[in-house]
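What follows is a set of notes on a single structure, which appears directly below.
The first residue of the sequence shown is numbered 1, and numbering continues consecutively from there.
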Amino acid sequence: GLGILITNLFVNYINEAFYSNNIKIHIGIGEIKRASVCLIYQAKINKTNKEIANALTTITFYDYKKLKIARIPKKFLLSIGLSDHKLKIV
């Protein structure tokens with residue numbers, strides 16, 4: 001069946017945080033290609049709005065039955081508010 005691989009992961013630690021901090025994480029969509037999507041993260045301390053880290057992951061869709069990379073499913077695109085006809089997928 002269809003699954004995902006984390007093919008890239010970059011994390012930038014900017015400031016310290018502590019166990020008692022309430023942390024808010026914003027997630028956004030970056031570059032979208034035929035078989036992958038970049039997700040962008042920003043972590044901030046909720047009380048002070050101080051950024052503590054940002055990150056980027058690339059998720060690549062993979063067909064484990066065919067053992068090869070697969071196109072992004074339309075259902076996934078719809079779940080993030082996009083449709084494949086609105087995108088120029090590289």
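Ile32 and Phe10 are assigned to two separate hydrophobic clusters, defined by single-linkage of ILVMFWY side chains at heavy-atom distances under 4.5 Å. When the side chains of ILVMFWY residues are joined at heavy-atom separations under 4.5 Å, either directly or via intervening members, Ile4 and Leu56 end up in two distinct hydrophobic clusters. Hydrophobic clustering, with ILVMFWY side chains joined whenever heavy atoms are under 4.5 angstrom apart, groups Ile29 together with Ile6.
Considering all non-hydrogen atoms of both residues, Ala70 and Ala35 come closest at O-CB, 3.1 Å.
Hydrophobic side-chain contacts under 4.5 Å tie Tyr62 into a cluster, directly or through other members, with Leu5, Tyr64, Leu67, Ile69.
Rounded to the nearest 0.5 angstrom, Ile14 CD1 and Ile52 CD1 are separated by 9.0 Å. One finds the CD1 atom of Ile59 at 8.0 Å from the CD1 atom of Ile72 (value rounded to the nearest 0.5 Å).
A side-chain N or O of Thr7 and one of Thr60 form a donor-acceptor pair less than 3.5 Å apart.
Take Asn46 and apply the side chain to side chain donor-acceptor pair (under 3.5 Å) test, not counting sequence neighbours, and it matches Lys24. Not counting sequence neighbours, Asn21 has no partner by the side chain to side chain donor-acceptor pair (under 3.5 Å) test. Residues passing the ring-ring contact (aromatic ring centres under 6.0 Å, His included) test with Phe18: none are found, sequence neighbours excluded. Considering only residues two or more places apart in sequence or on other chains, Lys50 meets the side chain to side chain donor-acceptor pair (under 3.5 Å) condition with none of them. Checked against side chain to side chain contact (heavy atoms under 4.5 Å, CB included), Lys66 has the following partners two or more places apart in sequence or in another chain: Asp63, Lys68.
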Determine, stepwise, if the pair Leu9 / Val11 fulfils side-chain contact (heavy atoms from CB on, under 4.5 Å). CA-CA 7 Å; Leu9 170 61; Val11 179; 4.0 Å; yes
Under 3.5 Å, side-chain donor or acceptor atoms of residues 36-45 against the rest of the protein: list the pairs with distances, not counting sequence neighbours.
residue	atom	partner	partner atom	Å
Tyr41	OH	Thr57	OG1	2.9
Gln42	NE2	Glu51	OE2	3.3

